[in-house]
2 protein chains.
Amino acid sequence: MDTKNAVIILASLAQGARLEIFRQLVQAGPSGLAAGDIAIKLNIPGSTLSFHLKELTHAELVTAKQTGRFIYYSAAFNVMNDLLGYLTENCCQLEKSSSENLCCDGLLCNEVAS
Amino acid sequence: MDTKNAVIILASLAQGARLEIFRQLVQAGPSGLAAGDIAIKLNIPGSTLSFHLKELTHAELVTAKQTGRFIYYSAAFNVMNDLLGYLTENCCQLEKSSSENLCCDGLLCNEVAS
DNA sequence: TCTATATTTCCATAAATATAGAAACGTTGT
DNA sequence: ACAACGTTTCTATATTTATGGAAATATAGA
């Protein structure tokens with residue numbers, strides 16, 4: 001993961017329709033949802049949905065798998081996890097944290113146990 | 001946290017310069033960095049930096065605190081944590097996960113222990 | 001092969017965002 | 001009051017992004 005990569009992923013999420021799409025896919029889990037189902041659930045015109053799905057898959061935050069006439073989209077959980085790791089890299093490195101208190105409320109500091 | 005809010009935060013990170021600024025602030029920890037220090041570290045003109053800092057503070061992902069002539073910016077870790085929670089809300093709800101295996105590689109499923 | 005269905009690509013248009021120089025604004029020390 | 005410094009606002013310009021109708025493509029079943 002590098003900056004360029006992270007920006008592409010974040011930009012793919014930084015838009016109302018796409019964020020909703022992604023959240024639907026997170027909820028749907030690994031088996032995903034067909035494009036048409038997403039279009040109905042979120043009430044988005046086909047061409048617009050297709051544009052957004054392309055953005056998400058280009059960011060590799062979502063993967064597509066064709067099954068018959070349907071194309072199933074699902075969230076790429078591993079990519080999301082990598083992104084979170086990148087965002088929190090070297091968290092609070094410059095602060096000598098006094099005591100065991102994590103400097104940033106927990107979640108972010110997962111990997112900085114030293 | 002709602003979609004609108006999350007989009008603003010994500011958009012504030014979805015840009016090379018701003019992502020780098022945020023990561024510097026994550027590394028700097030709660031005490032933060034003065035605007036000028038960031039400008040030097042990242043080699044960004046003052047006006048451009050100011051524009052980006054405004055975006056980040058508007059998203060409330062970064063907070064500003066004036067001390068004398070300097071303005072110190074620091075990462076709002078709690079807001080970042082809220083965002084992560086929002087992104088992973090109801091993760092894999094629709095999948096009856098067989099066994100104890102988390103459906104999405106760990107990190108994302110933190111809160112879905114049931 | 002013909003038809004229906006699922007999805008994407010093409011296209012034009014509208015809107016939002018990034019950039020950086022110059023000028024302005026606060027704060028501090030003299 | 002003045003000068004120096006840190007930072008922001010103003011401004012214009014260039015670039016990127018979103019939207020959705022219409023046409024094209026792909027798959028499946030009769």
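Below, read A as the first sequence line, B as the second, and so on, with proteins coming before strands; counting in each chain starts at 1.
- Whole-Å rounding puts the A:Lys54 NZ to D:dG20 P distance at 17 Å.
- The NE2 atom of B:His58 sits 14 Å away from the C1' atom of C:dA16 (whole-angstrom rounding).
- Comparing atom distances between the A:Ser47 side chain and each of D:dG20, C:dA20, C:dT8 picks out D:dG20 as nearest.
- Heavy atoms of B:Tyr73 sit under 4.0 angstrom from primed sugar atoms or phosphate atoms, though from no base atom.
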Item to check | DNA chain D base-pair string [pairs: Watson-Crick or G-U under 3.5 Å; |: paired with another strand] | outcome: ||||||||||||||||||||||||||||||
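- Distance check: B:Gln15 CD to A:Thr3 OG1 gives 11.0 Å after rounding to the nearest 0.5 Å.
- No option in B:Leu25, B:Thr67, B:Leu33 other than B:Thr67 meets the side chain to side chain contact (heavy atoms under 4.5 Å, CB included) test with B:Tyr72.
- Between the CZ atom of B:Arg18 and the P atom of C:dA16 there is a distance of 16 Å, given to the nearest Å.
- Atom CG of A:Leu83 sits about 12.5 Å away from atom CD of A:Glu60, to the nearest 0.5 Å.
- One distance of note links CD1 of A:Ile38 with CD1 of A:Ile71; it measures 10.5 Å at 0.5 Å rounding.
- Nucleotide D:dA18 holds its P atom 12 Å from the CD1 atom of A:Ile44, rounded to whole Å.
- The distance from the NZ atom of A:Lys54 to the CG atom of A:Leu49 is 12.5 Å, given to the nearest 0.5 Å.
- With C:dA6, C:dT19, D:dT8 as the choices, the nucleotide that has an atom nearest any side-chain atom of A:Arg69 turns out to be C:dA6.
- Between A:Phe70 and B:Glu55, the residue anchored nearer the 5' end of DNA chain C, judged by the nucleotide with its closest heavy atom, is A:Phe70.
- You'll find the side chain of B:Met80 reaches within 4.5 Å of the side chain of B:Leu61, heavy atoms only.
- Residue B:Ala11 is out of contact with every strand shown, counting any heavy-atom pair closer than 4.0 Å.
- Note on A:His52: a side-chain N or O is less than 4.0 Å away from OP1 or OP2 of D:dT19.
- Map A:Ala14 and A:Thr67 each onto its nearest nucleotide of DNA chain D; the residue landing nearer the 5' end is A:Ala14.
- Between the CD1 atom of B:Ile71 and the C1' atom of C:dG26 there is a distance of 9 Å, given to the nearest Å.
- Side-chain proximity of A:Ser50 to the nucleotides C:dT19, C:dT9, D:dT19 is greatest for C:dT9.
- Rounding to whole angstrom units, CG of residue A:Leu49 and P of D:dA18 are separated by 14 Å.
- The side chain of A:Ala34 lies closest to C:dT7, out of C:dA18, C:dT8, C:dT7.
- In this structure, CG of A:Leu53 is placed 15 Å from C1' of D:dT19, rounded to the nearest angstrom.
- Among C:dT8, D:dT19, C:dT19, the nucleotide with an atom closest to any side-chain atom of B:Phe51 is C:dT19.
- Here CG of B:Asn43 is found 12.5 Å from CD of B:Glu20. Values are rounded to the nearest 0.5 Å.
- Applying the 4.0 Å criterion to OP1 and OP2 of C:dA16, one finds that A:Gln15 has every side-chain N and O outside that range.
- For B:Tyr72 and D:dT7, the OH to C1' distance is 13 Å, given to the nearest whole Å.
- A:Gly46 comes within 4.0 angstrom of a base, heavy atoms only.
- Side-chain contact between B:Leu19 and A:Tyr86: present, with at least one pair of heavy atoms (C-beta onward) separated by less than 4.5 Å.
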